[in-house]
Amino acid sequence: MVNAVRDDLRQVPAGSPLALVAHSNAGLFLPAIRSGLDHPVTSSIFVDAALPARTGPTPVASPELMEFLRPMAVNGRLPRWTDWWDEADVAPMFSDPMMRQTVIEEQPTLPLSYYEQHIPVPDGWDDHPCSYLLFGPPYDDLADEARERGWRVAHLPGAHLHQIIDPAGTARHLVELATTT
């Protein structure tokens with residue numbers, strides 16, 4: 001993942017400051033990404049995201065989530081994320097059928113082993129302003145943990161994929177979180 005981000009930034013001059021934004025499970029990878037970049041990182045923002053451990057490696061999935069996922073795996077691969085849940089849980093995340101189809105088509109089918117891994121958390125990765133943008137449950141406890149870490153927390157009420165429902169509102173919150181300490 002670090003190499004992919006680094007490759008995407010190759011057109012950005014090395015001294016240019018960045019604000020890193022991670023959504024959902026990508027939050028676990030933010031410390032490793034930050035430590036692998038040649039750019040100064042001025043802020044890290046977690047959007048309805050999992051938080052890395054304060055120290056030491058972070059499991060990608062809790063034991064409870066692994067119990068939920070294992071029976072779904074076929075030949076070691078999981079179905080698309082939106083297929084994990086009941087339609088009643090998934091439908092409210094999409095206001096537009098075309099957007100829903102786009103998201104569904106772009107989803108990878110990940111190997112179960114992805115969720116069995118532990119992600120390294122480099123010491124001192126959070127020595128810069130970090131913040132959390134909460135859309136809503138089930139991420140409330142993670143927003144509370146971010147507050148306990150002394151991070152700024154903002155709330156933009158919505159479902160887990162609210163950025164596709166309200167991209168402008170999400171962007172306003174991200175800019176505000178990235179530019180204030």
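Reckoned from all heavy atoms, side chains included, excluding hydrogens, waters and symmetry mates.
At least one donor-acceptor pair closer than 3.5 Å links the side chain of T42 to the backbone N or O of L18. Using a distance-only test at 3.5 Å, with no hydrogens or angles considered, no donor-acceptor pair links the side chain of S43 to the main chain of P129. A donor-acceptor distance shorter than 3.5 angstrom exists from the side chain of H155 to the backbone of F135, with no hydrogens or angles considered. Checking side-chain atoms of R10 against main-chain N and O of D7 turns up a donor-acceptor pair under 3.5 Å. Distance alone, capped at 3.5 Å, places no donor-acceptor pair between the D86 side chain and the A88 backbone. Within the 3.5 Å criterion, the main-chain N or O of A19 finds no donor-acceptor partner in the side chain of H39. R6 places a side-chain N or O within donor-acceptor distance of the main-chain N or O of G36, the cut-off being under 3.5 Å. Put simply, the side chain of Y132 gets close to the backbone of A49: a donor and an acceptor are under 3.5 Å apart.
The closest side-chain heavy-atom distance from F46 to P52 is below 4.5 Å. Two residues are said to be in side-chain contact when any heavy atoms from C-beta on lie closer than 4.5 Å; Y114 and L78 fail this criterion. Residues M93 and T82 have side chains not in contact (no heavy-atom distance under 4.5 Å, counting atoms from C-beta outward). Side-chain contact check for W84 versus V90: every heavy-atom pair is 4.5 Å or farther apart. Residues C130 and W125 are in side-chain contact: their nearest non-hydrogen atoms beyond the backbone lie under 4.5 Å apart. Within the 4.5 Å cutoff, the side chain of E116 has no heavy atoms near those of the L69 side chain. A heavy-atom distance below 4.5 Å is not found between the side chains of Q163 and H173. With a 4.5 Å cut-off on side-chain heavy atoms, T102 and I164 do not count as touching.
A salt bridge is absent between R172 and E176: the closest approach of a Lys/Arg side-chain nitrogen to an acidic carboxylate oxygen does not fall below 4.0 angstrom.
Smallest separation of non-hydrogen atoms from L51 and T58: O-CG2, 4.2 Å. Among all heavy-atom pairs drawn from V41 and L37, the shortest one is CG2-CD1, 4.4 Å.
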Handout entry: Residues D48, H162; criterion side chain to side chain contact (heavy atoms under 4.5 Å, CB included); working and verdict
Key = CA-CA 9 Å; D48 235 26; H162 190 67; over 6 Å; no
Exercise for the section: Show your reasoning for whether side-chain hydrogen bond (donor to acceptor under 3.5 Å, both in side chains) applies to S24 and H160. Expected result: CA-CA 8 Å; S24 196; H160 187 56; 3.0 Å; yes
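In the displayed structure, D123 atom CG is contacted under 6.0 Å by at most 12 heavy atoms of other residues, nucleotides or ligands.
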